[in-house]
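Working notes, beginning with the structure itself.
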Amino acid sequence: MGMTVELPTTGQIEAGTQVAPLARLRRYLRPLLGLLLPLALAAGWELTVWLGFSSGRLVPPPSKVFATIGELARSGELSRHIWVTLWRVASGFALGVIAGTIMGAISGYWGLARRLLDPTVQALRAIPSIAWVPLFILWLGIFETSKVALIAVGVFFPVYLGVMGAILSVDRKIVEVGRIFRLSGPAMIRRILLPAVLPAYVLALRVGLGLGWMFVVAAEFMGASEGLGYLLIDGQQLGKPAQIVAAIVIFAILGKATDWLLEIATAPLLRWQDAFSRQAGGA
Amino acid sequence: MLALERVGKTYPNGVHALERFSAEIGQGEIVAIIGGSGCGKSTLLRAIAGLDPASTGKVSLDAIAISAPHEKIGIIFQEPRLLPWLSVADNIGFGLSDLPADIRREKVAKALARVGLAEKAKAWPRELSGGQAQRVAIARALVPQPEVLLLDEPFSALDAFTRRDLQDHLLDLWADTRPTLILVTHDVEEAVALADRVLVMRPRPGRLFEAININLARPRDRNSTLFDDFKRHVLTSLDRSLDRTVPDAHGRSDQGAAMWW
């Protein structure tokens with residue numbers, strides 16, 4: 001049995017070392033391929049404006065966008081807006097995650113709680129979250145609290161659903177292993193349930209974070225005096241499209257960067273899954 | 001000694017799976033339970049394990065009633081059921097969390113070497129073949145040194161060669177500490193190769209039909225005529241348990257074999 005298992009493995013490693021340089025090159029080039037289209041479009045537009053075919057007034061060329069970013073950065077305004085927005089996303093995300101995790105865990109663990117709680121949560125989920133804005137402003141005022149609350153609502157639902165679904169789908173057979181080894185309730189949660197739900201939980205967190213970024217824009221549209229969303233509104237009211245595009249670009253970078261940080265932070269916890277996908281990819 | 005006294009099980013949905021099953025199984029004995037589908041053999045095993053306690057009757061180990069999983073009773077399922085987020089070594093040590101880390105490490109290393117997977121200690125369960133994974137499951141169940149080890153069709157998902165290999169390996173491991181083995185199987189050859197006693201069950205509701213002692217010395221030669229005789233005996237009993245026509249005494253057992261494997 002050892003032979004049949006070992007042989008293909010060594011063969012694979014040898015083949016791997018032979019094609020390594022080419023494969024490595026391909027691995028680095030493939031993501032770059034995705035950059036080709038946006039870069040070409042940007043360069044094309046830059047050239048069009050530079051050659052005078054368009055004024056670039058409504059659609060600013062990349063150089064103007066970057067100049068605007070540089071200007072905002074030099075005056076210190078940019079970092080202030082970024083920090084304000086980041087803080088709102090972070091606190092809304094934290095609140096949404098805490099509430100979603102606790103309620104999702106309760107609904108997933110106790111059938112009675114699920115039957116009591118879940119229909120209401122699902123009904124609330126059907127409400128477009130932006131519809132809460134007027135109420136939140138009335139209840140919580142126009143300042144930070146209502147903004148953070150809106151973001152938290154956006155983050156709450158995917159986390160709640162993710163946690164509840166993950167707990168419900170934990171393999172009964174694996175739970176039985178815990179029973180055989182006579183794990184106590186808390187030990188069962190720590191040693192079986194938590195690790196089993198972790199992959200789905202991380203996914204839910206990432207979806208939640210994405211929604212958090214979506215909702216921060218909506219939140220900052222409602223009368224903010226700083227933040228990236230304010231830059232958007234300000235750019236619209238003062239007719240500065242370059243500032244709008246600059247804010248959009250920064251949103252994109254921050255959204256991607258925070259998602260990436262979350263992915264990196266959780267990667268060590270999901271190494272066992274990683275090993276699987278790597279193996280499956282190689283085979 | 002494991003005592004089963006008139007053990008019966010009716011599931012909440014009304015299915016009457018097992019009725020008045022009684023047997024006494026001595027320490028270190030190897031017992032195979034065999035029978036058609038729906039004869040309650042898995043139900044019986046789960047009752048002994050304390051996973052789904054019996055609805056009537058009593059399971060007791062050395063006069064202690066069993067109604068929940070017990071530290072002296074281990075179980076191996078049809079699937080390895082390894083925890084995918086733990087390394088092979090941590091899976092084997094899963095039931096030893098009460099011990100200090102160094103003793104645990106030592107026991108795990110010994111068990112890994114014993115099942116021939118020392119070089120896989122740090123591997124993830126996903127990286128194992130079916131046979132390797134089932135070996136890890138066996139090691140995990142044996143490392144807390146249970147007095148009774150239950151096996152629910154443990155090799156039925158494996159190919160014939162690996163199955164033979166693991167059957168021999170199981171006997172080998174059994175000889176170390178001689179726990180009581182109770183093996184549920186469909187495989188007549190497996191039952192005769194491993195067991196001191198084969199309990200044939202009949203279905204609807206599950207009941208004990210016949211107990212057959214396998215008086216063969218170990219190691220057993222699967223090609224001997226005596227081995228064949230015992231196989232035929234078990235097959236005949238199985239057929240009678242279902243009120244099937246009894247194959248004639250000299251006929252080959254192939255017909256029955258096709259039905260039961």
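Naming convention: chains lettered A, B, ... in sequence-line order (proteins, then strands); numbering from 1 in each chain. Quantities reported herein were computed from a predicted structural model and do not represent experimental measurements.
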Per-residue contact mode, [X] against chain A (heavy atom under 4.5 angstrom):
X      : answer
B:L82  : backbone
B:P144 : side chain
B:F94  : both
B:E71  : both

Legend entry - A:E176 and B:I75, any side-chain heavy atoms less than 4.5 Å apart: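 They are not in side-chain contact.
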Legend entry - Heavy-atom side-chain proximity of A:I174 to B:P84 below 4.5 angstrom: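 Counting from C-beta outward, A:I174 and B:P84 do come under 4.5 Å.
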Inset, instruction - Under 4.5 Å heavy-atom distance to chain B, tell me which part of A:A196 shows up: side chain, backbone, both or neither. - result: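 When you check distances to chain B, atoms from both the backbone and side chain of A:A196 fall under 4.5 Å.
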Inset, instruction - Select one option (side chain, backbone, both, neither) describing which atoms of A:L183 are under 4.5 Å from chain B's heavy atoms. - result: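 Answer is side chain: those atoms of A:L183 sit under 4.5 Å from chain B.
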Inset, instruction - Compare every heavy atom of B:P69 with every heavy atom of A:R182, then report the nearest pair and how far apart it is. - result: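 Scanning both residues, the minimum pair turns out to be CD-O, 3.2 Å.
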Legend entry - Heavy atoms from other residues, nucleotides or ligands near CE of A:M188 exceed 12 (cutoff 6.0 Å):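 Counting neighbours around CE of A:M188, more than 12 heavy atoms of other residues, nucleotides or ligands fall under 6.0 Å, so yes.
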Legend entry - Selection from A:V177, A:D171, A:I180 maximising heavy-atom pairs under 4.5 Å formed with chain B: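 With the most close heavy-atom pairs to chain B, the winner is A:I180.
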